[in-house]
Participant: 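First the structure, which I've put down as structure tokens, then a few questions once you've had a look.
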Amino acid sequence: MSKHNFTIHHASLIVSDTEQSLLFYRDVLGMEQTERPNLPFPGAWLQIGAQQIHLLELDNPDPTTGRPAHGGRDRHVAMHIDSVDVLREDLERTHTAYTLSISGRKALFCRDRDGNALEFIERP
């Protein structure tokens with residue numbers, strides 16, 4: 001056990017338009033939007049199990065072009081899911097590009113509209 005017993009509470013992602021991003025995170029991926037304090041900038045909090053994803057609407061300092069085609073070679077947030085196949089169907093239905101993991105695991109990578117890379121790994 002580590003000295004501090006770390007767990008991840010949340011990951012923050014910079015987005016350029018909260019409402020447009022929610023169409024992906026909430027409506028395509030099915031993440032549950034949760035209460036967010038009244039902060040001085042737009043954004044949204046999403047519950048993923050015991051953890052959260054925080055969307056922060058700010059000017060995006062990261063370029064959306066010139067990034068690796070495969071999200072596994074870029075900064076990314078990895079999450080467990082029940083079925084990669086069901087997620088693939090959702091992504092294909094919405095014409096969202098993805099790549100399969102090259103590690104041999106049942107996993108895939110995709111990006112949101114601002115180029116943030118996400119990994120989804122099927123639970124064993």
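What you are looking at is a predicted structure, and each value in this text was computed from that prediction instead of being measured.
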Participant: Once rounded to the nearest 0.5 Å, what's the spacing between atom CG of Leu118 and atom CG of Asp112?
Facilitator: 6.0 Å
Participant: For Lys106, which of Ile81, Leu100, Asp85 qualifies under side-chain contact (heavy atoms from CB on, under 4.5 Å)?
Facilitator: Asp85
Participant: Can you confirm whether Val84 sits close enough to Tyr98 that some side-chain heavy atom of one is under 4.5 Å from a side-chain heavy atom of the other?
Facilitator: no
Participant: Is Arg67 reaching over with its side chain to a backbone N or O of Pro63, donor-acceptor style, under 3.5 angstrom?
Facilitator: yes
Participant: As an exercise, state the distance from CZ of Phe24 to CG of Leu91, rounded to the nearest 0.5 Å.
Facilitator: 6.0 Å
Participant: If you draw a 6.0 Å radius around CZ in Arg73, do more than 12 non-hydrogen atoms from other residues or ligands fall strictly inside?
Facilitator: no
Participant: If two hydrophobic side chains count as joined below 4.5 Å and joins carry through other members, does Ile121 share a cluster with Val77?
Facilitator: no
Participant: Can you find a heavy atom in the side chain of Leu29 that is under 4.5 Å from one in the side chain of Leu87?
Facilitator: yes
Participant: State, yes or no, whether a side-chain contact exists between Val15 and Asn116 at a heavy-atom distance under 4.5 Å.
Facilitator: yes
Participant: Verify, without hydrogens or angle tests, whether Glu35 (side chain) and Pro37 (backbone) share a donor-acceptor contact under 3.5 angstrom.
Facilitator: no
Participant: Which atoms form the tightest heavy-atom contact between Cys110 and Ala97, and what is the distance?
Facilitator: CB-O, 3.4 Å
Participant: Where is the tightest heavy-atom contact between Thr99 and Ala69, given as atom of each residue plus distance?
Facilitator: CG2-O, 4.1 Å
Participant: Tell me whether Arg113 forms a cation-pi arrangement with Tyr25, defined as NZ or CZ under 6.0 Å from the six-membered ring centre and within 45 degrees of its axis.
Facilitator: no
Participant: If you measure from CG on Leu56 to CH2 on Trp45, what distance do you get to the nearest 0.5 Å?
Facilitator: 9.5 Å
Participant: Of all heavy-atom pairs between Glu122 and Ser83, which one has the smallest distance, and what is that distance?
Facilitator: OE1-CA, 3.4 Å
Participant: Please identify which of these residues, Thr96, Asp74, Thr64, meets the side chain to side chain donor-acceptor pair (under 3.5 Å) condition with Arg111.
Facilitator: Asp74
Participant: Parallel, tilted or perpendicular: which one describes the rings of His54 and His10, with boundaries at 30° and 60°?
Facilitator: parallel
Participant: Please answer: with hydrophobic residues joined when any side-chain heavy atoms are less than 4.5 Å apart, are Met79 and Leu22 in the same cluster?
Facilitator: yes
Participant: Closest heavy-atom contact between Ser101 and His70?
Facilitator: CA-CE1, 4.2 Å
Participant: Check the hydrophobic clustering (I, L, V, M, F, W, Y; side-chain heavy atoms under 4.5 Å; chains of links allowed) and say if Phe41 and Ile14 are grouped together.
Facilitator: yes
Participant: Evaluate the side chain to side chain contact (heavy atoms under 4.5 Å, CB included) criterion for residues Val86 and Asp90: first the C-alpha distance (whole Å), next the side-chain angles of each, then the deciding distance (0.1 Å), finally the verdict.
Facilitator: CA-CA 6 Å; Val86 171; Asp90 291 339; 4.3 Å; yes
Participant: For the atom pair OG1 (Thr18) and CD (Glu57), what is the distance rounded to the nearest 0.5 Å?
Facilitator: 3.5 Å
Participant: Using 0.5 Å steps for rounding, measure from the CZ atom of Phe120 to the CZ atom of Arg88.
Facilitator: 14.0 Å
Participant: Evaluate whether atom CD of Gln47 has more than 12 neighbouring non-hydrogen atoms of other residues, nucleotides or ligands under 6.0 angstrom away.
Facilitator: yes
Participant: Once rounded to the nearest 0.5 Å, what's the spacing between atom CD of Gln33 and atom CD of Gln52?
Facilitator: 11.5 Å
Participant: Is there a chain of hydrophobic side chains (I, L, V, M, F, W, Y, each step under 4.5 Å between heavy atoms) that links Phe109 to Val28?
Facilitator: no
